[in-house]
Number of protein chains: 2
Amino acid sequence: MAAGTSSRRERLRRATLEEIHTAARRLLVEQGSAAVTINAVARQVGMSGPALYHYYASHDELVGAVTADFFHELATAMEGARDARADAPVGERILAVCRALRAWASTHPAEFGWIFASPITPSNRRPDSVRHQAGQRFEHVLLDLTVELWRTRPFPVPDLADLPESLREQLTAYSAAIDGRLPPEAAHVFLSCWTRLYGLLCMEVLHQLDFAYSDLEPVFEECLRDLADTLDL
Amino acid sequence: MAAGTSSRRERLRRATLEEIHTAARRLLVEQGSAAVTINAVARQVGMSGPALYHYYASHDELVGAVTADFFHELATAMEGARDARADAPVGERILAVCRALRAWASTHPAEFGWIFASPITPSNRRPDSVRHQAGQRFEHVLLDLTVELWRTRPFPVPDLADLPESLREQLTAYSAAIDGRLPPEAAHVFLSCWTRLYGLLCMEVLHQLDFAYSDLEPVFEECLRDLADTLDL
DNA sequence: TAGGCTGGCTTAGGGGTAGTAAGTAACCAT
DNA sequence: ATGGTTACTTACTACCCCTAAGCCAGCCTA
């Protein structure tokens, strides 16, 4: 009842949830992902193991919720970079968002690594899971900007007829999935860019490039220059 | 003693080791990476848990050994593709090896995913670990071919002076690490290609592209065309 | 051939995990 | 005041990694 749309109980619950997330994150950052167990988290917040099941139905669900937090924080950082230059040309905003993405990944390696490393269990793959929702919000930041770019300053695209049929079908499906805001051939360019950018970060965070690089910042910048070329920025 | 360099005991031990690997792999493929536990593997081969410590000092070591197996199998597949066309131009062999890489990854998703997903613990990062050795063998297949390409049909490279200094330093270090078989600017091109190729597979296997693609074969082929362009094949 | 060493295996157990079940105590609304 | 909901507890199952201690068979040597 009352105004605040939150009873005392709700407020307490919310506070506890936040405390749980904070504890889980601390364990992740300080002791690695394996340390984020139901019991350890419960100990951190000062309750005994099974009590946590009043907040999450399973370990998976806790993992999903924490992952969703990270996605939201990352998306917020990217949106911040975008809105800080709201009047700049869209190309400039795209680059700023990409840099914000890497900046967050660099300053939060444990959290960013967790996003990849934590296996996406079936329950977290369901489209209505908090994890999936948050992932979508994250993905849409760059997608929306690309749509804006496509509308105001279309970038070069390949001829759809030149693409193999199986790819064409998948792109058509994806184009439909994003409500046709990009035609298949533009979606193709977007996905290529996304794949390169995100793939680079993915490998960095999974230490798959340690054998050659110690600092990927210049590599990332070069990747950005490539993308700027592709998008004709 | 004797000729065969293997006593009866050694032979038995080798057989048991193979049985252990087979059991671990079966558990991985059939029930996922979490099912590959010391106890479960031991049960599979018909012994009780602690007996496995006569073969591996820890769970990590078992994981590392199985991962090494996968690397070797993958490297063998790639080398097979290379040697099946021993007389073909080196560019053709490179493409064949890349396709063999993806073919193995596609037909062995659990094993290929395990290579990424299984966290590289400190002990498995030591350069003398079986896991590290096997990883190197895998990496060297394409590196060696690129070196051959560079020697016989040099591909276009950027001017080293145009690269940012931090990148230049890292490339110089890497060039030295591979005994100067590629100069820094050629190493840069090689690493760019490697990053794109492997990054794509990495994202595929970690289901980071499921939101857009269901079959990455044509995407991979397009990536290969790009690489062929870059390497002037 | 007898004794000892070694390697392969066992059971028992310590300390951890996820998750269930059942019971208690506090809060809240009627 | 009462009854329902919520938050939490302890106790438990079943599993995990790993250590310790001991049994036993095969091999090596004397």
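Basis for what follows: all heavy atoms, side chains included, without hydrogens, waters or symmetry-related copies. Protein chains get the first letters and strands the later ones, always in sequence-line order, with residue 1 at the start of each.
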Under 4.0 Å, counting only non-hydrogen atoms across every strand here, what does A:T16 touch: a base, just sugar-phosphate, or nothing?
nothing

Atom CG of A:L12 to atom P of C:dA26: distance rounded to whole Å?
15 Å

Whole-Å distance, B:L52 CG to D:dT19 C1', equals 15 Å

For atom CG of A:D60 and atom P of C:dT17, their distance in whole Å
17 Å

Atom-to-atom span, CG of A:L27 to C1' of C:dT17 - whole angstrom
14 Å

Under 3.5 Å donor-acceptor, A:H108 side chain and A:W104 backbone
yes

For A:Y53 and for B:P50, find the nucleotide of DNA chain C with the closest heavy atom, then tell me which residue's nucleotide is more 5'.
B:P50

Can you tell me if A:N39 touches the phosphate of C:dA18, counting only side-chain N or O atoms and a distance under 4.0 Å to OP1 or OP2?
yes

Check the distance between D:dC8's P and A:I38's CD1 and give it to me in whole angstrom.
14 Å

Would you mind reading off the distance between B:M47 atom CE and D:dA25 atom P, rounded to a whole angstrom?
18 Å

NA contact type, A:H59, heavy-atom cut-off 4.0 Å: base, sugar-phosphate, or nothing?
sugar-phosphate

Touch class at under 4.0 angstrom, heavy-atom based, for A:Y55 against every strand present
sugar-phosphate

Verify whether the ring centers belonging to A:F116 and A:Y198 lie closer than 6.0 Å.
yes

Looking only at atom types and distance, does a side-chain atom of B:Q170 sit under 3.5 Å from a main-chain N or O of A:D215, one as donor and one as acceptor?
yes

In this structure, how many angstroms lie between the P atom of D:dT5 and the CD atom of A:E10, rounded?
16 Å

Taking 4.0 Å as the cut-off, does a side-chain nitrogen or oxygen of B:S58 come that near to OP1 or OP2 on D:dC17?
no

Choosing from D:dC16, C:dT17, D:dT19, which nucleotide comes nearest the side chain of A:T37?
C:dT17

Are the aromatic ring centres of A:W194 and A:F138 under 6.0 angstrom apart?
yes

A:N124 and A:D60 have their tightest heavy-atom pair at ND2-O, 3.3 Å

In whole angstrom, give the distance that lies between atom NE2 of A:H54 and atom P of D:dA7.
7 Å

Using a cut-off of strictly less than 4.0 Å, decide whether B:R13 has a side-chain nitrogen or oxygen near OP1 or OP2 of C:dC9.
no

